There are 2 protein chains.
Amino acid sequence: MTEPARKPSRIQVENRKRILEAALELFSKHGFRGTTLDQIASACGMHKPNLIYYYESKEAIHVDLLNTLMTEWLSPLNALDPDGDPMEEMLRYIRRKMEMSRLYPRESRLFANEIVQGAPRMLPHLEATLKPLFDQQCGIVNTWMHAGKLATMHPAHLIFSIWAVTQHYADFDAQISVLLPGDDKRARGAEQFVEEMFRKLLSP
Amino acid sequence: MTEPARKPSRIQVENRKRILEAALELFSKHGFRGTTLDQIASACGMHKPNLIYYYESKEAIHVDLLNTLMTEWLSPLNALDPDGDPMEEMLRYIRRKMEMSRLYPRESRLFANEIVQGAPRMLPHLEATLKPLFDQQCGIVNTWMHAGKLATMHPAHLIFSIWAVTQHYADFDAQISVLLPGDDKRARGAEQFVEEMFRKLLSP
DNA sequence: CAGGTTTTTTACCAATTGGTAAAGTTACGA
DNA sequence: TCGTAACTTTACCAATTGGTAAAAAACCTG
């Protein structure tokens, strides 16, 4: 048995959304400890006790944010179609991950911050949500490899390498900006490179 | 003209080393804001004001740590030998990066924490130290490619992908442990995978 | 529009935190 | 071994921070 949990009012829905948007901006930029309730409050035009009215603690905001975004974040992996063309499915996944890195760098950095520090507030969710999906999709990739449609390799490490390369462009943007400055076609170049890289790697 | 800057005493050398070791452990695990001077002090058996005796502020500890470690961290890139065999040089670099990820995950996560948050205390050092080295080594790689010794691709993105994949094993270890649990040969498998991946990618 | 409920605001608090002042102790060269 | 400089410790502080209490305001429903 949990809470009575009445349906949330319109105001509740709106304000929780405002809070999460401000929290995403700040947590992704400064990490959990580097963000204060006052910052979140002023970023969304509220007062600190008002945040606590909607979330019982700063940690509750962070956890809700992580868990809410994780589902969307993983949806492209979910979308691997076992009946599609293996190479096209993998490249579509990789392209989508690059696009998400470009469009949603805050989400990427939010997770990066959390996981680099040992995922203290997300481990249960990783076990419960990510692990089963990961195992299942590794299975699909493995099937494709054994059918000779993709080069044979360890599917888990393959997925790690896709995550690593694609999310690197969001997570390490500060460094990349220094090393490839003033390149307004950087994103395009990155996307071309990554697609060609994995096309070559995955060719049987 | 800067400080008089007398040669540091034996005690100074020892104690700064103790402080940096404790700071590395804590900053890499909890980030800059997530680490307190009291934690650092008790981790190295000192008292808080003693830290301030050796470093003028918490930030000074962090900056010194980052700048000190960066040189070692980059040394493998520095070691690319323009006269060596291109494929062997690249694979040696990649192997060394994997080894460092395994042996020095704290250093990797220290930098990851800093860069994910926009490198607020490291940007000048990136400009001054990393950028010139990076450009130079990109040049070497480019030469190798144009000599037909390596597959042709954007050298900067190639190096990014090497960093991404190798450091991922240190930075995202919390996630990898969940997804490939109980695998005491994980590191070996990762090293094999990554070497084969880049061997295939780099073959002309 | 009355009355209760939800939401917002003001005032506040205790704990933590980065850092200081200054007294006390140790190390070391003359 | 003595004096001074280097180092350590204790006591302290002001600012920040996560969070609370409770009054005030806004909102909704019969």
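Residue numbering restarts at 1 for every chain, and letters A, B, ... go by the order of the sequence lines. What you are looking at is a predicted structure, and each value in this text was computed from that prediction instead of being measured. Worth knowing before you read on, the calculation uses all heavy atoms, side chains too, and leaves out hydrogens, waters and symmetry mates.
- Ring-centre distance between Phe193(B) and His154(A): not below the 6.0 Å cut-off.
- Relative to the ring axis of Tyr55(B), Arg16(B) places its NZ or CZ within 45° and under 6.0 Å from the centre.
- Proximity of residues 42-50 of chain A to DNA chain D (heavy atom under 4.0 angstrom from any strand atom) is restricted to Lys48(A), Pro49(A).
- Remark: Glu21(A) engages Arg106(A) in a salt bridge, criterion side-chain N to carboxylate O under 4.0 Å.
- Distance, Ile40(B) CD1 to dT17(C) C1': 12 Å, rounded to whole Å.
- In this structure, Tyr53(A) atom OH and dT6(C) atom P are separated by 7 Å, rounded to whole Å.
- Of the candidates dC7(D), dT8(C), dG19(C), the closest approach to any side-chain atom of Asn15(B) belongs to dC7(D).
- In this entry the distance linking NE2 of His62(B) with C1' of dG19(C) reads 19 Å, nearest Å.
- Note: Tyr169(A) and Phe160(B) have perpendicular aromatic rings, judged against thresholds of 30 and 60 degrees for the angle between ring planes.
- Within the 3.5 Å criterion, the main-chain N or O of Val165(A) finds no donor-acceptor partner in the side chain of Lys97(A).
- In terms of phosphate contacts, Tyr54(A) brings a side-chain nitrogen or oxygen within less than 4.0 Å of OP1 or OP2 of dT8(C).
- For dT7(C), one of the phosphate oxygens OP1 or OP2 lies less than 4.0 angstrom from a side-chain nitrogen or oxygen of Gln12(A).
- One atom, CG of Asp38(B), and another, P of dT10(D), lie 14 Å apart when rounded to the nearest Å.
- OP1 or OP2 of dT17(D) lies within a sub-4.0 Å distance of a side-chain N or O belonging to Arg33(B).
- Under the 3.5 Å distance criterion, the side-chain polar atoms of Asp171(B) are left unmatched by any main-chain donor or acceptor of Val116(A).
- The distance between atom CD1 of Ile52(B) and atom P of dT9(D), rounded to the nearest whole Å, is 15 Å.
- Between the P atom of dT20(D) and the CG atom of Leu37(A) lies a distance of 11 Å, rounded to the nearest Å.
- The distance from atom CD of Glu56(A) to atom C1' of dT20(D) is 14 Å, rounded to the nearest whole Å.
- Computed from coordinates, the Ile61(B) CD1 to dG19(C) C1' distance equals 12 Å when rounded to whole Å.
- Residues Phe134(A) and Trp163(A) bring their aromatic ring centres within 6.0 Å.
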